[in-house]
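Scroll down for the structure; my scribbles are underneath it.
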Amino acid sequence: MLRITFFLLIISWGCLDRHKARVLEDADGSNSGDITAASVWDKTNINSEKAEITPTDENLFGKFYNDRIEFHIIDKPNFELHQAGVKKVTLYYIDSVLCKKKYELDRPIADELAKIYGKLSYKSLNRATDSLAREMGIVLQSENGNRLNPYLKKYQLKWKVDDKVIYFRHLEDSLNTSNFYIEELKEYRRLFNSVQRELI
């Protein structure tokens, strides 16, 4: 039986200061200063109570497992994450605590994240990307510094930062390209599985 083992590699990368997501400027080039939906979703932190931002029924996707787990989806939230436009935000709550956030982005931000968070875990997500990573390498060097190989089509990067895990996932084929930035509590999967087991 053929066994496929994809690349899982720890890569060191120089660290720079962390950058925060910023709200897009108004058309006249200045921020309004109002507490808008964009700024709320931008500044919502993992492990915060649901009451702190009060998600509405309008963006509620669904509640599950006796309402202990719920998802909120915000389309076109009108802000940037690491200078990439955010197309959609999904918030994952367990027992009213925000345990995971997923951002769908309009472009890849692998290089930016690598500079900010440093050493990372790399994983190829299909056979073709795995072969290419082994043949060409994952990180390319240039006069401007290190950068992720732009020919890699399907991969995931991972960082562990304080009490959370950060993922960047890039999925590209001939028809579509998707980029996802994900933050979740280190305990997220254990908490999620625990709720499932309790209610089976």
Side-chain angles (χ1 to χ4, degrees), residues 1-22 45-47 71 73 77 79-92 98-194 196:
M1 181 174 65
L2 179 64
R3 175 179 294 178
I4 301 172
T5 304
F6 291 145
F7 236 170
L8 178 58
L9 184 65
I10 307 296
I11 302 173
S12 294
W13 205 300
C15 292
L16 300 177
D17 291 337
R18 296 180 183 180
H19 299 288
K20 301 296 183 181
R22 64 179 180 85
N45 295 318
I46 290 291
N47 210 22
F71 306 98
I73 297 178
F79 70 91
E80 290 187 345
L81 186 75
H82 303 296
Q83 299 182 352
V86 177
K87 299 163 68 174
K88 181 187 295 184
V89 181
T90 305
L91 306 176
Y92 300 70
L98 181 60
C99 294
K100 179 177 178 179
K101 297 188 294 183
K102 182 170 75 173
Y103 300 82
E104 184 178 352
L105 308 176
D106 64 3
R107 70 171 183 85
I109 57 171
D111 291 336
E112 290 89 334
L113 294 175
K115 290 177 182 178
I116 293 168
Y117 296 115
K119 185 167 66 175
L120 58 90
S121 297
Y122 169 88
K123 182 179 181 181
S124 296
L125 298 180
N126 71 348
R127 189 200 299 267
T129 300
D130 186 56
S131 298
L132 192 63
R134 294 176 187 274
E135 178 182 346
M136 294 184 62
I138 297 168
V139 178
L140 304 181
Q141 294 182 335
S142 69
E143 59 184 18
N144 296 321
N146 293 338
R147 66 189 181 102
L148 202 75
N149 186 339
Y151 297 102
L152 301 176
K153 301 299 184 183
K154 295 188 178 184
Y155 62 85
Q156 177 178 278
L157 308 180
K158 177 181 176 181
W159 296 264
K160 293 182 179 180
V161 182
D162 301 326
D163 64 343
K164 64 187 177 184
V165 181
I166 294 173
Y167 299 93
F168 174 72
R169 194 171 296 141
H170 177 77
L171 304 170
E172 180 180 345
D173 57 33
S174 59
L175 298 177
N176 296 294
T177 298
S178 300
N179 296 284
F180 298 98
Y181 172 86
I182 301 165
E183 291 183 10
E184 65 182 37
L185 286 178
K186 288 181 178 178
E187 295 293 301
Y188 168 74
R189 296 176 192 275
R190 183 188 65 78
L191 292 171
F192 191 95
N193 292 336
S194 176
Q196 286 184 312

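Because the structure is predicted, anything quoted here is derived from the model rather than measured.
- You'll find the side chain of Gln83 reaches within 4.5 Å of the side chain of Arg107, heavy atoms only.
- Among all heavy-atom pairs drawn from Lys87 and Leu105, the shortest one is CD-O, 3.5 Å.
- Using modelled atom types, one side-chain atom of Ser131 and one backbone atom of Arg127 make a donor-acceptor pair closer than 3.5 Å.
- Other residues, nucleotides and ligands place more than 12 heavy atoms under 6.0 Å from the NZ atom of Lys186.
- Residue Asp173 holds its CG atom at 5.0 Å from NZ of Lys154, rounded to the nearest 0.5 Å.
- One distance of note links OH of Tyr122 with CG of Leu152; it measures 4.5 Å at 0.5 Å rounding.
- Atoms CD1 and CG, on Ile138 and Leu132 in that order, are 10.0 Å from each other to the nearest 0.5 Å.
- The shortest non-hydrogen separation linking Tyr155 to Ala110 is OH-CB, 3.7 Å.
- One finds a salt bridge joining Asp130 and Arg134 here, because a Lys/Arg side-chain nitrogen approaches an Asp/Glu carboxylate oxygen to under 4.0 Å.
- Here the closest heavy-atom approach between residue Trp159 and residue Lys119 is recorded as CD1-O, 3.2 Å.
- The shortest side-chain heavy-atom distance between Asn126 and Lys153 does not fall under the 4.5 Å cut-off.
- Shown are Lys164, Glu183, Glu184; of these, the side-chain contact (heavy atoms from CB on, under 4.5 Å) with Lys100 is made only by Glu184.
- Nearest approach of Thr177 to Glu172, heavy atoms of both residues: OG1-CG, 3.4 Å.
- The line from OH of Tyr188 to OH of Tyr92 is 6.0 Å long, rounded to the nearest 0.5 Å.
- A 4.5 Å side-chain heavy-atom check between Asn179 and Ile109 finds every atom pair outside the cut-off.
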Could you check Leu148 against His170 for side-chain contact (heavy atoms from CB on, under 4.5 Å), going step by step and ending with a plain yes or no? CA-CA 12 Å; Leu148 202 75; His170 177 77; over 6 Å; no
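- Contact between Leu120 and Ala114 at its shortest, heavy atoms only, is CD2-CB, 3.9 Å.
- A distance of 11.5 Å separates OH of Tyr103 from CD1 of Ile182, quoted to the nearest 0.5 Å.
- Rounding to the nearest 0.5 angstrom, the gap separating the CD1 atom in Ile166 from the CG atom in Leu157 is 11.5 Å.
- Between Phe168 and Tyr181, the distance separating the two ring centers is not shorter than 6.0 angstrom.
- Nearest heavy atoms, Arg169 versus Gln156: NH2-OE1, 2.7 Å.
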